[in-house]
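Since the structure comes first, as structure tokens, the remarks are kept for the end.
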Amino acid sequence: MEGSSSSSAIFYDFLDRMRNPASLDLVRSIKSFIVSFSFYAANPENDGKKVQEFYTTMEDAIRDHPLWAGATDQEVDCAMEGLEKYVMTKLFSRTFSSTPEDVKIDLETSQKIHLLQTFLKPEHLDIPTVLRNEASWLLAEKELQKINAFKAPREKLLCVMNCCKVINNLLLNASMSENHVLAGADDFLPVLIYANPPQLHSNLKFIQLYRRQTKLVSEAAYYLTNLVSAKTFIFELNAKSLSIDEIEFEESMQAARTTNKETEKEATPTLEGRTTSQGQTDPGPSARSHDKETSGASNYPYMDKEAGDLTIGDVERLLSVYKQVVTKYTGLCTAVKHLSLSRTEPHVTNLEARNVFLSQPEKTGKNSDQRVGQ
């Protein structure tokens with residue numbers, strides 16, 4: 001399986017070059033682009049276009065830069081891979097699952113897959129007996145479930161590629177004896193249904209928008225397209241899409257929903273008798289409402305809530321609001337910081353250029369880079 005070791009080496013080489021005083025102009029361009037995102041509301045399609053245009057501009061700048069004088073196409077490509085990882089790691093919280101619609105689709109897709117897991121069998125998905133290799137499917141699921149451990153588009157795509165290669169190898173072996181065609185969208189359905197990776201929609205969309213377009217070709221494009229198609233199929237799936245009786249399908253789905261509701265109800269403590277963390281009895285919703293009004297928090301409907309009071313819909317709304325608050329707060333802090341610097345230090349020194357990439361990047365997973373610039 002392809003891992004992140006080569007990605008780490010490429011990233012460190014990029015950072016090493018950025019420490020060179022001669023890279024000052026490139027450093028300024030990169031910092032300016034990252035800061036510019038804090039001035040606009042999230043718009044995935046427009047953001048994707050901006051990032052792709054920036055990649056193109058920076059590739060031309062790198063090719064013409066003295067630090068890459070005489071560099072081969074492969075060396076320039078490695079620099080661009082490092083640039084993509086750095087920029088998108090910094091912009092991850094701003095660009096990943098950045099709209100309420102994306103959050104909603106992720107939640108609905110995950111919930112539907114969870115329901116399907118309770119009753120779907122291989123025969124319902126028309127999986128041939130020769131392909132019911134549990135070890136291979138588990139390995140493919142494991143590779144796909146790693147996707148949320150990373151923030152860079154390339155590394156997320158590697159998780160998709162590694163998953164798909166496991167499936168393709170299984171199908172390739174089967175085709176030698178059973179004349180089974182190579183992997184298509186239908187062949188990835190079992191992996192998505194049984195793996196059910198969180199935020200599947202947002203992960204695939206993130207790769208499509210922010211992975212360099214010159215890299216979304218050939219094998220990578222084929223596998224990604226099939227996985228996107230499989231995800232869309234699941235989102236729209238009904239009895240007619242499967243080898244199952246329509247009445248049986250609807251009854252199974254309803255039974256799964258009922259089971260889920262009962263499970264959630266059992267997991268939610270009742271308001272009566274609930275105690276606070278200090279062991280005192282909760283005065284109840286009326287008293288909490290009074291406290292809320294007297295404390296001036298009436299404009300904040302969740303201020304008096306406790307974990308057990310929240311519904312799934314509340315969680316979705318809170319997550320959306322949280323992301324907006326973090327994005328605006330981060331943007332405001334960055335803008336204020338740069339405003340202060342522009343007033344006190346109008347000229348960026350070579351020392352700043354050398355140290356600008358020494359800060360530790362956001363953690364991208366268990367195998368990701370632990371410290372930048374060491």
Side-chain angles (χ1 to χ4, degrees), residues 97 101-148 159-160 162-164 166-171 174 178 180-181 183-205 223 225-268 310-316 319:
S97 191
E101 181 65 19
D102 289 333
V103 174
K104 179 181 178 182
I105 294 176
D106 278 329
L107 182 62
E108 290 179 353
T109 300
S110 180
Q111 288 176 338
K112 186 165 188 178
I113 291 176
H114 183 66
L115 295 177
L116 294 172
Q117 286 176 336
T118 63
F119 67 91
L120 276 191
K121 299 178 181 179
E123 53 265 29
H124 296 146
L125 300 171
D126 294 325
I127 301 176
T129 304
V130 70
L131 298 181
R132 297 178 190 178
N133 185 321
E134 185 175 353
S136 294
W137 290 114
L138 287 175
L139 178 57
E141 291 165 19
K142 182 179 178 181
E143 290 298 327
L144 188 59
Q145 287 171 339
K146 293 177 182 178
I147 197 168
N148 284 306
C159 294
V160 171
N162 288 338
C163 166
C164 294
V166 172
I167 298 174
N168 201 56
N169 287 337
L170 174 62
L171 297 173
E178 302 289 336
H180 191 90
V181 297
D186 291 347
D187 296 304
F188 297 116
L189 288 175
V191 172
L192 296 189
I193 290 176
Y194 297 119
N196 193 12
Q199 298 178 295
L200 175 63
H201 164 76
S202 289
N203 273 297
L204 296 178
K205 184 175 180 178
Y223 286 142
T225 299
N226 278 316
L227 209 56
V228 171
S229 297
K231 183 267 299 182
T232 302
F233 178 82
I234 290 176
F235 189 72
E236 300 172 350
L237 182 144
N238 54 40
K240 296 179 180 178
S241 311
L242 304 168
S243 295
I244 186 174
D245 179 74
E246 187 169 355
I247 296 178
E248 180 185 353
F249 176 82
E250 293 300 334
E251 289 178 347
S252 298
M253 288 291 283
Q254 186 56 45
R257 292 190 190 98
T258 301
T259 300
N260 282 353
K261 289 181 180 179
E262 291 176 350
T263 301
E264 291 174 1
K265 186 176 181 180
E266 291 174 359
T268 303
L310 300 179
T311 65
I312 292 179
D314 291 331
V315 174
E316 180 182 340
L319 178 60

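Index from 1, following the sequence.
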Any chance you could lay out the side-chain contact (heavy atoms from CB on, under 4.5 Å) test for Asp106 and Ser97, step after step, and finish with the verdict?
CA-CA 9 Å; Asp106 278 329; Ser97 191; 3.8 Å; yes
Are [X] and [Y] packed together at the side-chain level, in the sense that at least one heavy-atom pair is separated by less than 4.5 angstrom?
| X | Y | value |
| --- | --- | --- |
| His114 | Gln117 | yes |
| Thr259 | Thr118 | no |
| Tyr223 | Ile167 | no |
| Phe119 | Met253 | yes |
| Asn196 | Glu141 | no |

Can you tell me how far [atom2] of [Y] sits from [atom1] of [X], rounded to the nearest 0.5 angstrom?
| X | Y | atom1 | atom2 | result |
| --- | --- | --- | --- | --- |
| Asn168 | Asn226 | CG | CG | 10.0 Å |
| Ile234 | Ser229 | CD1 | OG | 11.5 Å |
| His201 | Thr109 | NE2 | OG1 | 7.5 Å |
| Cys159 | Ile147 | SG | CD1 | 5.5 Å |
| Ser252 | Leu115 | OG | CG | 10.5 Å |
| His124 | Ile244 | NE2 | CD1 | 4.0 Å |

Apply side chain to side chain donor-acceptor pair (under 3.5 Å) to Ser202 and Asp102, showing your working.
CA-CA 6 Å; Ser202 289; Asp102 289 333; 5.0 Å; no
Verdict with reasoning, Asn238 to Ser241, per side chain to side chain donor-acceptor pair (under 3.5 Å):
CA-CA 5 Å; Asn238 54 40; Ser241 311; 3.2 Å; yes
At their closest point, which heavy atom of [X] faces which heavy atom of [Y], and how far apart are they?
| X | Y | result |
| --- | --- | --- |
| Glu108 | Phe235 | OE1-CZ, 3.4 Å |
| Lys231 | Leu200 | CG-CD2, 3.6 Å |
| Pro198 | Asn203 | O-ND2, 3.4 Å |

Crowding at NZ, Lys142 (>12 non-hydrogen neighbours, <6.0 Å):
no
